[in-house]
Each structure stands twice: as C-alpha cells, then as structure tokens.
4 protein chains.
Amino acid sequence: MSDAHQVAKDQLLSIIERIENLEEEKKGISDDIKEVYAEAKANGFDTKVLRAVVTIRKQDASEREEQDAILDLYLTALGMVK
Amino acid sequence: MSDAHQVAKDQLLSIIERIENLEEEKKGISDDIKEVYAEAKANGFDTKVLRAVVTIRKQDASEREEQDAILDLYLTALGMVK
Amino acid sequence: MSDAHQVAKDQLLSIIERIENLEEEKKGISDDIKEVYAEAKANGFDTKVLRAVVTIRKQDASEREEQDAILDLYLTALGMVK
Amino acid sequence: MSDAHQVAKDQLLSIIERIENLEEEKKGISDDIKEVYAEAKANGFDTKVLRAVVTIRKQDASEREEQDAILDLYLTALGMVK
C-alpha cells in the first residue's frame with residue numbers, strides 16, 4: 001500500500017490525544033462547579049436559586065423585565081398568583 | 001447451530017418494530033407541540049413565556065413561592081432589581 | 001383597562017391545555033418505550049445493543065458502511081483491534 | 001433587620017463569581033475542542049468517525065468486543081449486513 005492510502009498515524013494520534021486532554025480538563029472544571037454548589041449548599045444557600053441567579057445575570061436586564069411583565073400578565077389571566 | 005444459540009428472530013423483529021413505531025408516534029407528538037407553539041406565536045403570544053407558564057403549572061405553588069422569595073433575597077443582596 | 005390591553009384568557013388557556021395534554025401523551029409514549037426495553041431485557045436481550053440496532057436501521061446503509069470502513073482505518077492506524 | 005436574617009452578600013457574590021468564572025473556562029475548553037475537530041476536518045479527517053474513536057477508547061476493550069459480537073448476531077438475525 002502506498003503512503004497515499006495510509007492515514008497519517010502521528011497526526012491522527014495527536015488529534016485524538018488533544019481531544020482527550022481537553023475533555024479531561026472540561027470534566028475537571030465540571031467537577032469544580034459541582035463542588036462550588038456543594039460547598040454553597042453546606043453553607044445554607046439554595047443551589048436551585050443560585051442556578052437561577054447565574055442564568056438571570058447572563059440575561060439582558062430590560063429583556064428580562066419585559067419577559068417578567070408578560071409572565072405576570074399570563075399568570076393573572078389564568079388566575080394564578082405569581 | 002442449535003436453537004439454543006440462535007436469537008429468536010421473530011421476537012427480535014417484533015421488539016425493534018414496536019420501538020420504531022413508538023418513536024415515530026413520539027416524534028409526531030413533538031411535532032404537534034411545536035405546531036401549537038408556532039400557532040400561538042402567530043397569534044401574538046410570547047412562546048418563551050408560554051414555556052415558563054407550562055413549567056410553573058407543574059410546580060407546587062407553595063414551593064414556587066418560597067423559591068421566588070429566596071430569589072428576591074439573593075438578587076437584592078447582589079443589588080439587582082428583580 | 002380596555003380589551004385591547006388584555007390577554008385573550010380563553011385562547012391562552014386553550015393553548016396551555018393543548019400543550020399539557022400533548023406533553024402528557026408524549027410522556028406516556030416514553031414510558032411505553034422504556035417498558036418495551038425492560039420486557040426485552042427480561043427476555044434476555046441486550047438493551048444497549050437493541051438501541052444500537054434502532055439507530056443503525058435509521059441510517060443509510062451505504063453511508064454506514066463507508067463510516068465503518070473509515071473507523072477500521074483509524075483504529076488500525078492507532079493499533080486498536082476493532 | 002438583624003444580621004441573622006440577611007444573606008451574606010460577600011459570600012453570595014463570591015460563590016456566583018466563582019461559578020461564572022468556571023463556566024467561562026468550561027466554555028473556552030468546549031470552543032477549543034470544536035477547533036481541534038474543525039482543524040482535523042480541514043486536514044481531511046472524518047469528524048464523526050473521530051468522535052466514535054474517542055468514545056471507543058473510553059470503553060473497556062473486552063466489553064466492546066462482546067457488544068460488537070451481539071450486534072453482529074442481531075443484525076444477522078434481521079438480515080442486515082453489518
């Protein structure tokens with residue numbers, strides 16, 4: 001078999017190992033995040049609400065207020081107290 | 001090869017086809033849900049807020065109120081207006 | 001408040017209830033699928049492999065063969081037996 | 001309001017910021033992984049098969065062989081060529 005038909009073994013191995021190392025790093029960070037939440041919980045914080053806060057801080061404030069206003073409108077129409 | 005080593009072909013096919021039919025049904029219902037949201041959007045409703053309403057209706061009311069109160073507390077502590 | 005500023009309550013409730021009913025149906029079908037797998041497992045089938053079979057049957061046969069050939073090539077280059 | 005009823009503002013902010021920093025790091029690594037795949041694709045590699053290789057390298061070799069054998073058995077019973 002000529003070189004043209006072969007897969008560049010070194011290049012392939014390098015790609016795979018780079019991906020594996022990055023995935024391991026990513027897994028480590030995910031574990032760190034879980035640990036911060038676990039520590040927060042141990043200190044009396046509500047982790048579900050902490051997650052909501054993180055989400056809210058990513059949102060645009062004016063857009064969030066608008067969505068909240070529409071939500072109030074819908075819940076009121078349905079007879080639900082917000 | 002004795003029967004004992006064979007896979008029950010009819011049984012296998014029946015299992016696979018039952019799963020495929022159920023998955024097709026499920027896909028059809030997912031499409032129906034998307035259609036209801038699309039129709040609602042065409043009628044001027046905010047689909048993101050509609051999804052929030054559906055989620056809220058699944059929650060226990062008292063638990064939701066408690067979570068909302070904690071969220072207010074956290075956002076106030078962080079100087080964010082809810 | 002004039003009608004123009006109100007949400008069409010009946011329309012809103014109808015949308016929400018249609019979504020809730022469809023989601024309940026969808027949940028029922030998901031449960032049925034789980035049950036078929038559980039029954040298959042009880043009859044000695046490997047559910048992980050069954051899932052692979054369902055996936056493979058959705059794929060185009062010629063595309064799948066091509067992907068399998070490339071996979072063999074890569075695994076061989078890496079010194080892994082397929 | 002007494003201290004007992006207050007949320008520890010500094011502690012809360014510290015938790016939130018640690019989570020936000022970790023999530024940003026995680027996002028950066030996810031982007032790096034995408035980049036490696038994009039680069040591999042540009043060099044003629046099949047990214048779908050690369051992902052399969054990464055998955056296979058995580059699996060136990062003997063378990064994988066056993067699953068492959070069962071898959072062959074099922075596909076043969078269904079009259080499908082592997």
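Chain A is the first sequence line, chain B the second, and so forth, proteins listed ahead of strands; every chain is numbered from 1.
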D:Glu20, CD atom: more than 12 neighbouring heavy atoms under 6.0 Å: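 Above 12, so yes.
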
Does CD belonging to D:Gln11 count more than 12 external heavy atoms closer than 6.0 Å?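 Atom CD in D:Gln11 is crowded, with more than 12 foreign heavy atoms closer than 6.0 Å.
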
Over all heavy atoms of both residues, which pair between D:Leu22 and A:Ile29 is shortest? Give the atoms and the distance, please.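 Here D:Leu22 and A:Ile29 meet closest at O-CG2, 3.3 Å.
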
Rounded to the nearest 0.5 Å, how far does CD1 of A:Ile19 lie from OG1 of D:Thr47?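 So the gap between those two atoms works out to 9.0 Å.
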
Looking at A:Lys58, A:Arg57, A:Glu39, which makes the most heavy-atom pairs under 4.5 Å with chain D?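 Top count of heavy-atom pairs under 4.5 Å with chain D: A:Arg57.
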
